[in-house]
Asks: 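Encoded as structure tokens, here's the structure I'll be asking about.
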Amino acid sequence: MLPKYQTEVPQHFKALFDQLGRQLNGQKDHHFQELRIKGGKNLFDMGFPTTRNEDYKYTALGRVFNKEYQLPDPKQPGPEMMEELRGLFNSEMDSHRICFYNGQLVSELTEVNEKGIGFFRLSDLSDEDLLNGEVLKHMDHTLSQTNNPFLHLNTALCREPLVLVVDKDHRASKPIQVVYHYSANDSDLIANPQFFVIARENSKFSMIEKHTSNPSDREVAVFANVFQRWITEKNANVDHTKIQELSENDFIIHNLIASQEAHSHFYALTADLGSRITRNNLEVHLLDSHTQTDMFGLFIGNANQHIDNQTFLDHAVPHCESREWYKGVLSGKSRGVFNGKVLVRQDAQKTNAFQQNNTLLSSDHARMDSKPQLEIYADDVKCSHGATIGQMDDQILFYLKSRGLDDDQAGELVKVAFLAEVFNSMDEGAIKNTLAGKVLDKLREIQ
Amino acid sequence: MLKIKDLRVSVEDTEILKGVNLEIKPGEVHAIMGPNGSGKSTLGFVLAGKDDYEVTSGSVEYQGQDLLDLSPDERARDGVFLGFQYPVEIPGVSNSNFLKMIINSIRKSRGQEELDALAMLKLLKEKLASLGMDTNMLKRSLNDGFSGGEKKRNEILQMAVLDPKLAILDETDSGLDIDALKVVSDGVNSMRSPDRSFLIITHYQRLLNYIVPDFVHVLVDGKIVKSGDKSLALELEDKGYDWVKKESSEVMA
């Protein structure tokens, strides 16, 4: 039974859904179309949430829903944009490359050529292909279980889902760099990339994903509604870092659902530095024992930014370990929301779960709403959770200034130090250096 | 070097310093002694520029300029150093990064070139060796989980790399065992020079056996009630603060 939300989906979303249907008409009849149509139907039945819904209490999305968006142009970008997109990759990082422009794959800039790693358009797989059936089955199941309307919205307006598979026992030789770039010029733009990632048994790889958009000297906005579904099979080890740096009038709803089989390790780092409104829905489901889950988050807001992290971790089985730590710095009139739920079910004995959210408010007008939730139904577990919201410590600032550091240097040092645990959770290397550089730039910008 | 004239300071409407006069010439070591609550630490904080304190009257001249006009970081860059009684702990900032940052920031303000990584390491190793400190302490977070002695040694290390003209040491001896006390004192003594002055704030005479002052002042209830040479410290040790308190109240009466 689908939940009902308070707001009806505006008419123009229905128009987009119909428009995409007409565009896809005549293409190879693919089973994803059935899923897409189901997604649309579910979305229009469910509606959109308002702040009267507990999970959206602090995040009003009216200004996101009310715009009349255009679907992205299905054509590949022109030569100028190609150059721009090429420049968005970190060239110092030896990596595989995947490029999305307005949510659609840019094949010219995508290079995944390693035996043991497969990258496909779902539509390129034949109906008889086992992988095709596997992906569709998972998607169908996920969509039938979820009460998140944005997964349905994504499916309803997605032109072509992408699939990445890292084979059994394969250890990737280098990280996978994914660039998502969006560009709204004459009209508001909605992008719905869908990405299905499978880490087969005993495989290992890391991915860094970046979201950027064209500069904000424009009236129009980008709405990126991202959906990723990650399958982590037995003993697989994956490491996912997301850096979001959209321009200041854009919106992003980033939905990631991961499931973990026995002895697997899933590490997710969510770093939000940009956008007008960000909502992250991160869900991890533990299917078998002896897993390790790490959910780290870092957010830096200024001006009117709004950054909402919603996480759900389902400890359904015994002997699993999880660490969740979100840290943020808010200045200007920015707002942050953390709503983290860790569910430890009755069967999940010997669970070891840690959850923490700490926020530093560096202006009098910034605001944070934090709700760490731990629901425990098992009796032999080790769990802790907590949240702090604080301001810059004057004693520390004075100490630093008495050593000759000026206000900006001292403030920056305190903020960097505050975020340390998030950086400490990362492996040394190019991904960590990239993030550290971007965080420092953002901290200097908001002083 | 430093001229304090009739300095009156309040915290939240309570007057702590009630007219302090003190002159320190280049190369001199002055000790301020006094019972708890007499205003010793307040004097140190006011000279370093902490903004919880309100200067209600008087003046402080440092190297010919009005010290009270300068922000804490400007004072530090002009050569004023305060060694804290309770140094703050900052987890997440490595001691070596912090030292590099303050060294280069001070050098830049003095028109000197910033040190490269190699020169920096050499300088830090030299200073550590001279203070009998282990290089391991560079890797640790700033004062995080340091023992009392380690924190004080770290203060002396910071003083050594910042090369101040006026060093104010607030209760640097508190919480130190005899070995640490010796290391800290040796560090200070090795930095004594004709153009550097020290203001040593202490409750006990013990430290002054190791750092021999040129002048000793006794601060009681926000005023310097007695000044003398190092023998005054020994007399205080012998007779206690009640002796000067009594003497000063007799004078005032």
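A, B, ... follow the sequence lines: proteins, then strands. Residue 1 opens every chain.
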Asks: With a 4.5 angstrom heavy-atom cut-off, could you sort out which part of Pro87(B) is near chain A: side chain, backbone, both or neither?
Replies: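 Interface part for Pro87(B): both.
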Asks: For Glu324(A), check side chain to side chain donor-acceptor pair (under 3.5 Å) against everything at least two apart and list the hits.
Replies: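 Glu324(A): side chain to side chain donor-acceptor pair (under 3.5 Å) contacts with Thr311(A), Gln355(A).
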Asks: At a 4.5 Å cut-off on heavy atoms, which part of Met159(B) comes close to chain A: side chain, backbone, both, or neither?
Replies: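 Contact with chain A: none, neither part.
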Asks: Quickly, which of Val416(A), Leu413(A), Ile396(A) forms a side-chain contact (heavy atoms from CB on, under 4.5 Å) with Val93(B)? Name it, please.
Replies: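 Per the side-chain contact (heavy atoms from CB on, under 4.5 Å) rule, the option paired with Val93(B) is Leu413(A), out of Val416(A), Leu413(A), Ile396(A).
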Asks: With a 4.5 angstrom heavy-atom cut-off, is it the side chain or the backbone of Ile102(B) that approaches chain A, or both, or neither?
Replies: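 Looking at Ile102(B), backbone and side chain both touch chain A.
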Asks: So do Val88(B) and Phe398(A) actually touch side chain to side chain, heavy atoms under 4.5 Å?
Replies: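 No - every pair of side-chain heavy atoms lies 4.5 Å or more apart.
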Asks: Would you name the heavy atoms of Pro91(B) and Ala417(A) that are closest together and state the gap between them?
Replies: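 What the structure gives for the nearest pair is O-CB, 3.6 Å.
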Asks: Looking only at heavy atoms, which two atoms of Gly92(B) and Ala420(A) are closest? And how far apart?
Replies: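 Taking Gly92(B) first and Ala420(A) second, the nearest heavy atoms are CA-CB, 3.6 Å.
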Asks: Please report all inter-chain donor-acceptor pairs (under 3.5 Å) between chain A and chain B, with distances to 0.1 Å.
Replies:
unit_1, atom_1, unit_2, atom_2, d
Gln395(A), OE1, Lys50(B), NZ, 3.2
Tyr399(A), OH, Asn143(B), ND2, 3.4
Tyr399(A), OH, Glu155(B), OE2, 2.4
Tyr399(A), OH, Gln158(B), NE2, 3.2
Arg403(A), NE, Gln158(B), OE1, 2.4
Arg403(A), NH1, Leu82(B), O, 2.8
Arg403(A), NH2, Leu82(B), O, 3.2
Arg403(A), NH2, Glu155(B), OE1, 2.6
Arg403(A), NH2, Glu155(B), OE2, 3.4
Gly404(A), O, Arg77(B), NH1, 2.8
Gly404(A), O, Ser105(B), OG, 3.2

Asks: Could you tell me which residues satisfy salt bridge (charged side-chain N to carboxylate O under 4.0 Å, His left out) with Lys371(A), sequence neighbours excluded, listed by chain and number?
Replies: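 By the salt bridge (charged side-chain N to carboxylate O under 4.0 Å, His left out) rule, Lys371(A) matches Glu54(A).
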Asks: I'd like to check the salt bridge (charged side-chain N to carboxylate O under 4.0 Å, His left out) partners of Asp94(A); sequence neighbours left out, ordered by chain and number.
Replies: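 Applying salt bridge (charged side-chain N to carboxylate O under 4.0 Å, His left out) to Asp94(A) gives Lys174(A).
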Asks: Crowded around Lys333(A) NZ? As in, over 12 foreign heavy atoms under 6.0 Å?
Replies: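 Counting neighbours around NZ of Lys333(A), 12 or fewer heavy atoms of other residues, nucleotides or ligands fall under 6.0 Å, so no.
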